[in-house]
Amino acid sequence: MDRQEFIRHLTDYMESHKQQLFRYVCYRVGDSADAEDILHDVYLRMIEGFGSTRAIDNMSAYVYRSLFHACVSARRDVQRLPLDSSEVVGLQAEAPSTFEDEYARIDAILACLPDTLAEVIRLRIHASMTFDNIAETLGVSAATAKRRYYQGLEMLRLKYDVL
């Protein structure tokens, strides 16, 4: 695949999945402006790094992995509240009224899970991905993705008596 074909393929993918990608990044970083910045930065980095990457067999997996790493980098310096703090308990008890409230509530709840389980839940819910897509994105089998999803939900149900 030459550079122009790669750019066209990447652009088509990102345009056709714009809402899913934006929602996924928003729920990873908690801010719509930051989400837009991350999406643009990742797009530009993928174009700039075209020659240095190996052949891309799965554009979806490539884009979501790149976004995941960008979100982790963006959140590295964000201080997280301890799970038993009164602020987190309050967030879990109230119904969210804004995106920021909803994000804080979901982030606090998913923080108790191992990252492998939380990421499958995020991809399934926020990115509306199938287990096959999640498996390709994370480099695991579909059965593993499905098991992690249900294992994460079960852990949340037991911990918070929800779901």
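Treat the numbers as computed from the prediction; the structure is a model and nothing was measured.
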*Expected output: side-chain His40 to main-chain Glu36 donor-acceptor under 3.5 Å*: yes

*Is the backbone N or O of Tyr27 less than 3.5 Å from a side-chain atom of Arg122, with the two atoms forming a donor-acceptor pair by type?*
no

Quick one: pull up [atom1] in [X] and [atom2] in [Y] and give me the separation to the nearest 0.5 Å.
{"X": "Ser60", "Y": "Asp132", "atom1": "OG", "atom2": "CG", "value": "11.5 Å"}
{"X": "Leu156", "Y": "Ile121", "atom1": "CG", "atom2": "CD1", "value": "5.0 Å"}
{"X": "Thr11", "Y": "His9", "atom1": "OG1", "atom2": "NE2", "value": "10.5 Å"}
{"X": "Arg65", "Y": "Asn58", "atom1": "CZ", "atom2": "CG", "value": "7.5 Å"}

*Output all residues satisfying ring-ring contact (aromatic ring centres under 6.0 Å, His included) with Tyr149, sequence neighbours left out; order by chain, then residue number.*
Phe131

*For Tyr150, enumerate each residue passing the ring-ring contact (aromatic ring centres under 6.0 Å, His included) test, keeping only those at least two apart in sequence or located in another chain.*
none

*Show your reasoning for whether salt bridge (charged side-chain N to carboxylate O under 4.0 Å, His left out) applies to Glu48 and Arg45.*
CA-CA 5 Å; Glu48 290 170 358; Arg45 276 187 299 185; over 6 Å; no

*Between His126 and Val25, does a side chain to side chain contact (heavy atoms under 4.5 Å, CB included) hold up when you go through it step by step?*
CA-CA 9 Å; His126 303 312; Val25 176; over 6 Å; no

Where do [X] and [Y] come nearest, in terms of heavy atoms and distance?
{"X": "Asp34", "Y": "Asp31", "value": "N-OD2, 2.8 Å"}
{"X": "Ala142", "Y": "Ala135", "value": "N-CB, 3.4 Å"}
{"X": "Ile134", "Y": "Ala145", "value": "CG2-CB, 3.8 Å"}
{"X": "Thr137", "Y": "Met129", "value": "OG1-CE, 3.1 Å"}
{"X": "Ile47", "Y": "Phe6", "value": "CA-CE2, 4.2 Å"}
{"X": "Met59", "Y": "Leu10", "value": "SD-CD1, 3.7 Å"}

_Flag side-chain contact, heavy atom, 4.5 Å: Tyr43 against Ile7_ = yes

*Looking at side-chain heavy atoms only, is the closest gap between Leu21 and Tyr64 below 4.5 Å?*
yes

_Side chains of Ser128 and Arg23: any donor to acceptor distance under 3.5 Å?_
yes

*Sequence neighbours left out, what passes side-chain contact (heavy atoms from CB on, under 4.5 Å) with Ser66? Give chain and number order.*
Val42, Met46, Tyr62

*Restricting to pairs with a member in residues 10-21, which pass salt bridge (charged side-chain N to carboxylate O under 4.0 Å, His left out), not counting sequence neighbours?*
Glu15-Lys18

*Pairs touching residues 133-148 that satisfy salt bridge (charged side-chain N to carboxylate O under 4.0 Å, His left out), sequence neighbours left out*: none

*asked:* Ring centroids only, cut at 6.0 angstrom: are His17 and Tyr13 within range, meaning strictly under it?
replied: yes

Which pairs of donor and acceptor atoms, one on a side chain in residues 108-120, lie under 3.5 Å apart (sequence neighbours left out)?
{"unit_1": "Glu119", "atom_1": "OE1", "unit_2": "Arg28", "atom_2": "NH1", "d": "3.0"}
{"unit_1": "Glu119", "atom_1": "OE2", "unit_2": "Tyr24", "atom_2": "OH", "d": "2.2"}

